[in-house]
Amino acid sequence: MGGFEGHLYPGLSLFFYGLYHARLVSRALICSQPAQYPPRPPWSKGRWAKLRQVHYVGLLKILSTFVLVAQELHNISGPFVFIRKTYHARDFLYCKQWQHLTIYMTFVLSGCVDAVSQNLLPRRSAALEQAAQALGLALILPLMLSHLQGSEGVDLQSHLLFIQALFPLVLVAVAELWAPDAWQLWVMKAFLYMLTGSWLIQIGFMLYRPISGHKWMDDDKNNIMFVTTFFCWHVVILAFLMAWIHGVSFLWYRYMC
């Protein structure tokens with residue numbers, strides 16, 4: 001997650017995953033369904049029967065994670081080792097890169113659970129997928145907190161705001177384990193996934209590809225204040241986007257439920 005691409009690709013993954021959940025939430029609310037997870041196709045026989053039962057969102061999580069890992073390793077110059085083994089030093093190397101890879105491993109865990117849990121009963125499958133999501137998000141939070149070491153100015157403020165969006169997402173994911181049919185949690189989860197994704201993309205542009213062409217100055221208080229303003233704009237715009245998705249879904253599903 002270092003550099004522009006390291007913020008762009010994970011941000012897009014989180015944002016589109018939030019869009020996916022926003023569509024599921026709208027379908028569940030409009031069609032009065034007990035859960036936001038899409039109905040499964042009936043079991044069939046034949047050579048490709050098992051393949052039809054695979055959760056394709058889980059496969060997309062795994063494939064996108066491989067892309068993120070490849071991008072992370074591509075940006076490392078020199079041998080990618082865990083610790084420097086010299087006579088005078090035993091220092092850990094590439095601390096942030098190892099943190100990034102650990103975060104990506106949580107995506108793989110969630111994707112694997114999504115892909116293989118389709119063989120269980122629907123309610124058990126949904127509970128297992130929710131547990132994997134909650135565990136992955138709970139691991140990302142302390143990694144992001146330690147990721148702030150050495151940051152200052154715009155970099156520090158933007159990542160603090162990212163953690164501010166990530167923390168309630170963790171709480172929602174954990175609460176969903178005990179209240180899987182609470183539509184309020186579904187809405188908040190979709191919204192917070194989109195918020196963390198869009199804000200991660202915004203961080204990449206602010207730090208590495210500023211639209212103005214001029215680097216943001218850490219010693220300028222106006223820049224730090226505008227970082228918070230931009231975050232609030234993301235919240236408002238995504239709230240309108242959620243309402244628009246629900247409105248379009250209402251027109252689509254009112255004749256199909």
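- Gln157 places none of its side-chain heavy atoms less than 4.5 Å from the side chain of Met225.
- Sparse packing is recorded around OH of Tyr9, with 12 or fewer heavy atoms of other residues, nucleotides or ligands lying under 6.0 Å away.
- Side-chain contact between Ile163 and Leu148 is present, with heavy atoms from C-beta onward closer than 4.5 Å.
- Hydrophobic clustering of Ile, Leu, Val, Met, Phe, Trp and Tyr side chains at less than 4.5 Å, counting indirect connections, keeps Leu14 apart from Ile62.
- Between the side chain of Trp186 and the backbone N or O of Pro180 there is at least one donor-acceptor pair closer than 3.5 Å.
- When the shell of 6.0 Å around CG of Leu63 is examined, it contains more than 12 heavy atoms from other residues, nucleotides or ligands.
- Rounded to the nearest 0.5 Å, atoms NE2 (His246) and CD1 (Ile30) are 4.5 Å apart.
- Of the possible donor and acceptor atoms, none in the side chain of Ser110 sits under 3.5 Å from a partner among the backbone N and O of Thr106.
- Closest approach of Leu166 and Leu137 over heavy atoms only: CD1-CD2, 4.2 Å.
- A donor-acceptor pair is defined here as one N or O able to donate and one able to accept, closer than 3.5 Å; such a pair exists between the side chain of His159 and the backbone of Asp155.
- One distance of note links OH of Tyr104 with OG of Ser13; it measures 9.0 Å at 0.5 Å rounding.
- When each of Val235, Leu161, Leu200 is paired with Leu195, the side-chain contact (heavy atoms from CB on, under 4.5 Å) condition holds for Val235 and for no other.
- Counting heavy atoms from C-beta on, the side chains of Leu241 and Ile245 come closer than 4.5 Å.
- Trp216 and Phe230 have perpendicular rings, their planes meeting at more than 60° on a 0 to 90° scale where under 30° would count as parallel.
- Within the 4.5 Å cutoff, the side chain of Thr196 has no heavy atoms near those of the Phe15 side chain.
- At least one side-chain heavy atom of Ser146 sits under 4.5 Å from a side-chain heavy atom of Gln99.
- Note: His21 and Tyr17 have perpendicular aromatic rings, judged against thresholds of 30 and 60 degrees for the angle between ring planes.
- Closest approach of Met217 to Val154, counting heavy atoms only: O-CG2, 4.0 Å.
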Test ring-ring contact (aromatic ring centres under 6.0 Å, His included) on Tyr20 and Tyr193 and set out the steps. CA-CA 10 Å; Tyr20 167 75; Tyr193 264 120; over 10 Å; no
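- Taking the six-membered ring for Trp and the full ring otherwise, Phe162 and Phe231 have centroids separated by 6.0 Å or more.
- Using a 4.5 Å heavy-atom cutoff, the side chains of His7 and Ile201 are not in contact.
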